[in-house]
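In this text the structure is predicted, and so the values were computed from the model without any measurement. Throughout, protein chains are lettered first and strands after them, A, B, ... in sequence-line order, and every chain is numbered starting at 1. Computed over heavy atoms, backbone and side chain alike; hydrogens, waters and symmetry mates excluded.
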Amino acid sequence: MSVVPLIQKEDLVDIGHIDEVPRRGARCVTSGDLRIAIFRTQDDQFFALEDKCPHKAGPLSQGIVHDGCVTCPLHNWVISLKSGEAQGADEGATQTFNVQVRGNRLLLDTAELIS
Amino acid sequence: MQKQKLVIIGNGMAPGRMLEHLFERAPVTYEVTIFNAEPRVNYDRIMLSPVLSGEKAYEDIIIHGDGWYIDHGITLYKGHKVTEIDRENKTVTSDQGVTESFDKLVIATGSNPFIVPVPGHDLAGVLAYRDLDDVTAMMLAAQSREKAVVIGGGLLGLEAAAGLRERGMDVTVVHLMDTLMERQLDPSAGYLLQKELESRDIAVKTGANTKRIIGDKKVTGLELESGEVIDCSLVVMAVGIRPNVALAQDAELEVERGIVVDSAMRTSDTDILALGECAQVDGRVYGLVAPLYDMAQVAACTLTDDFSKPFKHQDTATKLKVTGIDLFSVGDFAEGDDRDEIVLRDANAGIYKRVILQDNKIIGTVLYGDTSDGAWFNDLKKKQTDISDMRESLIFGQAYQGGAAMDPMTAVAALPDDAEICGCNGICKSKIVGTITEKGLTTLDEVRAHTKASASCGTCTGLVEQLMALTLGEEFDADAGSSMCPCTDLGHGDVRRLIKAKELKSIPAVMQELEWKTSCGCAKCRPALNYYLVCDWPDVYADDYQSRFINERVHANIQKDGTYSVVPRMWGGVTSSKELRAIADVVDKFDIPTVKVTGGQRIDMLGIKKEDLPAVWADLGEAGFISGQAYAKGLRTVKTCVGTDWCRFGTQDSTGLGIKLEKFMWGSWTPAKLKMAVSGCPRNCAESTCKDIGIICVDSGFEIHFAGAAGLDIKGTEVLGMVPSENEALEHVVALAQMYREQGHYLERIYKWAKRVGLDEIRKQIMDDEERRQEYFDRFVFSQRYAQVDPWSERVSGKDKHEFKPMAALELEAAE
């Protein structure tokens with residue numbers, strides 16, 4: 001685990017190598033009390049969501065990742081990785097963050113963290 | 001505009017439906033208050049039989065949850081029985097002293113069960129069958145697995161009998177008339193029904209009049225007029241209902257058999273309406289739901305001053321809600337000189353169909369065994385269609401009209417728009433099709449929610465699904481109910497079979513070969529596929545951790561706050577001072593907030609942070625602990641009593657056998673969790689008789705039990721058989737577990753699997769077929785070579801490190 005100092009001026013911060021996140025899985029990045037889950041889909045797309053289900057704050061990073069969604073481990077809400085919105089009949093949304101891939105590195109947009 | 005006050009006495013299905021219509025028509029006209037003598041919300045009474053038989057739970061049959069009452073601003077007094085209606089001052093008062101005034105009052109007090117006033121009718125153990133309390137009482141009584149007598153061979157009585165039998169009681173039905181359900185069935189269909197019930201071990205005595213119920217305080221038996229005595233500890237009376245008119249009578253409203261109302265549901269006082277089973281319209285009182293729902297619609301109209309649709313009597317079709325018995329009856333089926341009938345019998349298939357004609361029109365229909373044409377016959381009857389042209393083929397059903405046989409879809413397509421599909425709710429074909437199109441519905445649940453079709457007794461579900469398929473075309477997933485998940489049309493059984501047959505050895509291979517509709521499955525199918533592959537190819541399949549639920553991925557149980565709980569194995573529930581000290585040290589070191597003794601005879605440490613898990617396991621591992629797999633769809637615990645080691649009643653070394661079993665079987669994955677127990681004598685202190693697999697030791701050997709349940713469902717075990725030695729006990733238990741591992745559907749507990757494949761089949765394969773048993777045993781042993789790896793020590797030595805640490809911690813620094 002790396003500790004990355006965060007300077008206000010800097011928006012995109014390197015958080016690690018892409019292979020640190022398993023396919024169809026997630027890893028977390030912490031910033032103070034905030035936990036951000038970095039998801040990797042089967043086809044190597046990356047998404048970042050607050051690690052908190054809109055339903056009862058379940059840790060989404062621990063859920064099963066499938067087809068652009070993650071199923072929360074606590075009560076099986078299905079959350080879109082792209083929009084953060086609950087699917088199906090459930091209503092609610094989790095905050096999304098911008099994560100980018102440059103080469104083999106993952107960059108997280110920290111602008112929203114600082115504000 | 002000031003709201004008018006509407007007070008409703010009773011909270012059953014009829015007033016519930018009336019309110020739905022009322023809120024649709026006039027959402028703001030009334031301020032509604034309901035008094036309910038039962039301490040609960042509105043639930044589907046038609047579904048009490050499936051609750052009794054164990055196919056549904058109370059939660060499944062709630063029509064209006066507490067939220068609905070809040071949303072509509074309804075004041076609901078639960079457990080308040082209204083004791084007085086004061087017509088002069090327009091108030092009602094409950095037994096708990098609450099008085100509410102009204103502008104309009106609706107009486108929906110329903111009916112009371114008729115209790116035959118024979119001697120002994122007031123003994124403990126005599127029940128009626130009307131509400132959830134009766135069902136709960138019956139379920140409790142059924143736990144004794146003793147004998148029950150049901151008085152009354154009508155719809156309710158037979159459903160009660162089938163439910164009690166399903167719960168393991170020895171049941172006799174006593175019926176006064178010569179034919180079961182004589183009001184709905186002719187003698188031939190009644191005979192078929194009686195035979196079917198008898199084949200399910202329900203004894204039926206027709207033409208039998210009850211003389212008295214025997215017992216001192218509690219029921220011990222029942223004596224018939226013939227002098228015959230039937231031993232029993234439970235008597236259920238289901239002989240009919242009487243409209244509950246006492247309140248109306250006291251208020252001096254006009255009352256005959258029921259509360260007399262006009263075709264707009266108004267009583268003799270026009271500000272007071274009555275509906276449901278307590279109301280009498282045009283000389284008739286009703287007990288089936290369809291006319292009661294019609295009344296609800298009419299009453300809602302009356303409350304909004306719309307008198308355009310008066311209540312009209314219609315014959316209601318009857319169906320029996322006993323799983324596996326198909327029976328349909330409507331109209332008049334007595335014989336007569338002016339009547340004609342067409343009968344079809346197929347003894348082999350157990351089918352009987354009879355259509356009664358008068359002037360070439362259908363006036364009645366009785367179907368047994370194959371009821372698929374019920375709606376069609378009923379439609380012809382309602383419309384008074386002249387059937388002369390199709391007389392020859394009429395009895396074969398709609399599919400055979402017009403030459404070649406139609407497939408069921410064509411038959412549904414051919415139904416006219418106003419054909420009734422859902423009898424309970426009076427929903428016709430065009431209403432369902434229209435709502436599907438208009439609201440863009442795609443699932444059965446949505447159609448139920450929006451149209452109410454198939455939302456009551458559910459027997460028309462097949463028809464509704466066909467209509468959905470017809471309307472939606474390819475968009476409709478016909479097998480959604482039986483398929484594993486929306487990613488495939490295949491059911492669990494098909495998938496398991498094809499994995500073996502096509503030798504599919506990875507999740508991508510399964511998805512490719514079996515044409516999965518999604519690119520990478522979902523949270524339902526992936527864990528199931530992973531289990532099937534682990535079970536079927538233990539030596540070559542690489543367990544896919546990303547397809548496991550988090551608990552099985554990190555080998556601990558996730559809690560509501562995202563922390564975990566950890567349960568080490570304590571073989572057979574036996575521990576030592578060294579183990580307890582190690583646990584105490586871990587608790588102190590990691591500041592673990594809660595330590596709890598589990599129901600499975602071990603110790604649970606709760607509230608551990610994910611990051612701490614590997615360190616906790618390392619310390620526990622040093623003391624010799626391995627994972628208790630308290631999170632696994634796999635072997636959990638083997639509970640034991642102290643047996644011959646200490647107990648003065650112990651007949652065998654139950655503790656020793658329990659430990660042997662646990663050491664032999666730990667680490668194995670199973671379709672759902674597997675909990676076992678070994679009791680040293682029939683006093684059964686280890687509670688073996690409610691476990692997935694249990695053993696009761698006796699002097700002469702070991703009685704093996706299985707298929708018990710003590711969770712959502714409560715069910716005593718079935719006996720697999722008796723073996724003389726400890727080794728044989730272990731061999732049989734292991735073979736049984738392997739059979740379940742190979743055949744169970746993912747998340748299907750052993751009792752549900754056993755119900756599906758049949759107890760006799762399991763006994764045959766495990767007890768009687770030595771070769772088969774040996775093969776199961778060998779496959780289990782082979783699989784264990786790959787399964788018995790302690791997941792905790794693996795992770796302590798570095799496996800899946802990424803699971804337990806964040807990948808980065810960002811620290812905010814003030815800018816210079």
Side-chain angles (χ1 to χ4, degrees), chain A residues 1-10 13-17 19-32 34-38 40-43 51-53 56-76 78 88-89 106 108 110 113-114, chain B residues 442-443 445-446 449 485-487 507-508 511 516-530 544-554 556-564 609-611 613 631 747 799-816:
Chain A
M1 179 176 80
S2 50
V3 174
V4 186
L6 204 59
I7 316 291
Q8 273 184 345
K9 278 181 274 184
E10 200 173 12
V13 173
D14 187 320
I15 50 171
H17 191 280
D19 284 345
E20 288 179 61
V21 186
R23 281 201 181 119
R24 296 173 301 153
R27 294 288 300 276
C28 284
V29 170
T30 58
S31 171
L34 179 70
R35 284 175 79 88
I36 299 168
I38 313 294
R40 179 177 183 177
T41 61
Q42 176 72 30
D43 54 357
D51 191 21
K52 205 169 166 186
C53 180
K56 297 213 165 166
L60 295 174
S61 58
Q62 320 287 291
I64 289 180
V65 177
H66 52 92
D67 283 6
C69 292
V70 58
T71 296
C72 178
L74 291 195
H75 309 96
N76 294 325
V78 178
L106 284 171
L108 183 69
T110 56
L113 302 190
I114 296 158
Chain B
T442 55
T443 67
D445 281 344
E446 287 173 355
C485 69
C487 303
I507 289 181
M511 290 183 175
W516 240 242
K517 290 185 248 177
T518 49
S519 67
C520 108
C522 70
K524 271 204 186 109
C525 60
R526 286 231 313 269
L529 292 180
N530 190 57
D544 177 23
Y545 267 70
Q546 298 308 139
S547 294
R548 283 195 179 271
F549 182 64
I550 183 65
N551 288 356
E552 293 185 349
R553 198 169 348 127
V554 301
N557 295 56
I558 195 166
Q559 303 297 319
K560 66 171 196 178
D561 60 353
T563 64
Y564 288 81
K609 288 192 276 303
K610 194 180 182 191
E611 290 81 353
L613 286 173
Y631 44 80
L747 300 184
K799 186 174 159 80
D800 289 340
K801 235 192 281 176
H802 65 84
E803 276 288 0
F804 303 98
K805 291 242 183 302
M807 69 188 293
L810 308 180
E811 284 182 359
L812 287 168
E813 278 184 6
E816 296 293 322

Non-hydrogen atoms of chain B under 4.5 Å away: do they reach the side chain of [X], the backbone, both or neither?
X        : answer
A/His75  : neither
A/Pro73  : both
A/Arg35  : side chain
A/Val70  : neither
A/Ile36  : neither
A/Gln42  : side chain
A/Leu106 : side chain

*asked:* Once rounded to the nearest 0.5 Å, what's the spacing between atom SG of A/Cys28 and atom CD of A/Gln62?
replied: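 Output value for this atom pair is 6.5 Å.
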*Does any heavy atom of chain A fall under 4.5 Å from the side chain of B/Arg548, the backbone, both, or neither of them?*
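Backbone only.
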*Just jot down the side-chain hydrogen bond (donor to acceptor under 3.5 Å, both in side chains) partners of B/Thr518, sequence neighbours excluded, or say none.*
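None.
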*Name the member of A/Gly63, A/Ala37, A/Gly58 that forms the most heavy-atom pairs with chain B at distances under 4.5 Å.*
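It is A/Gly63.
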*So which of B/Val554, B/Asp561, B/Ile550 has the biggest tally of heavy-atom pairs under 4.5 Å with chain A?*
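Result: the option with the highest number of such pairs is B/Ile550.
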*side-chain contact (heavy atoms from CB on, under 4.5 Å) against B/Ala523, all qualifying residues, sequence neighbours excluded*: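 Residues passing side-chain contact (heavy atoms from CB on, under 4.5 Å) with B/Ala523: A/Ile64, A/His66, A/Thr71.
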*Would you indicate whether B/Lys610, at its atom NZ, is surrounded by more than 12 heavy atoms from other residues, nucleotides or ligands within a distance under 6.0 Å?*
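More than 12 within 6.0 Å, yes.
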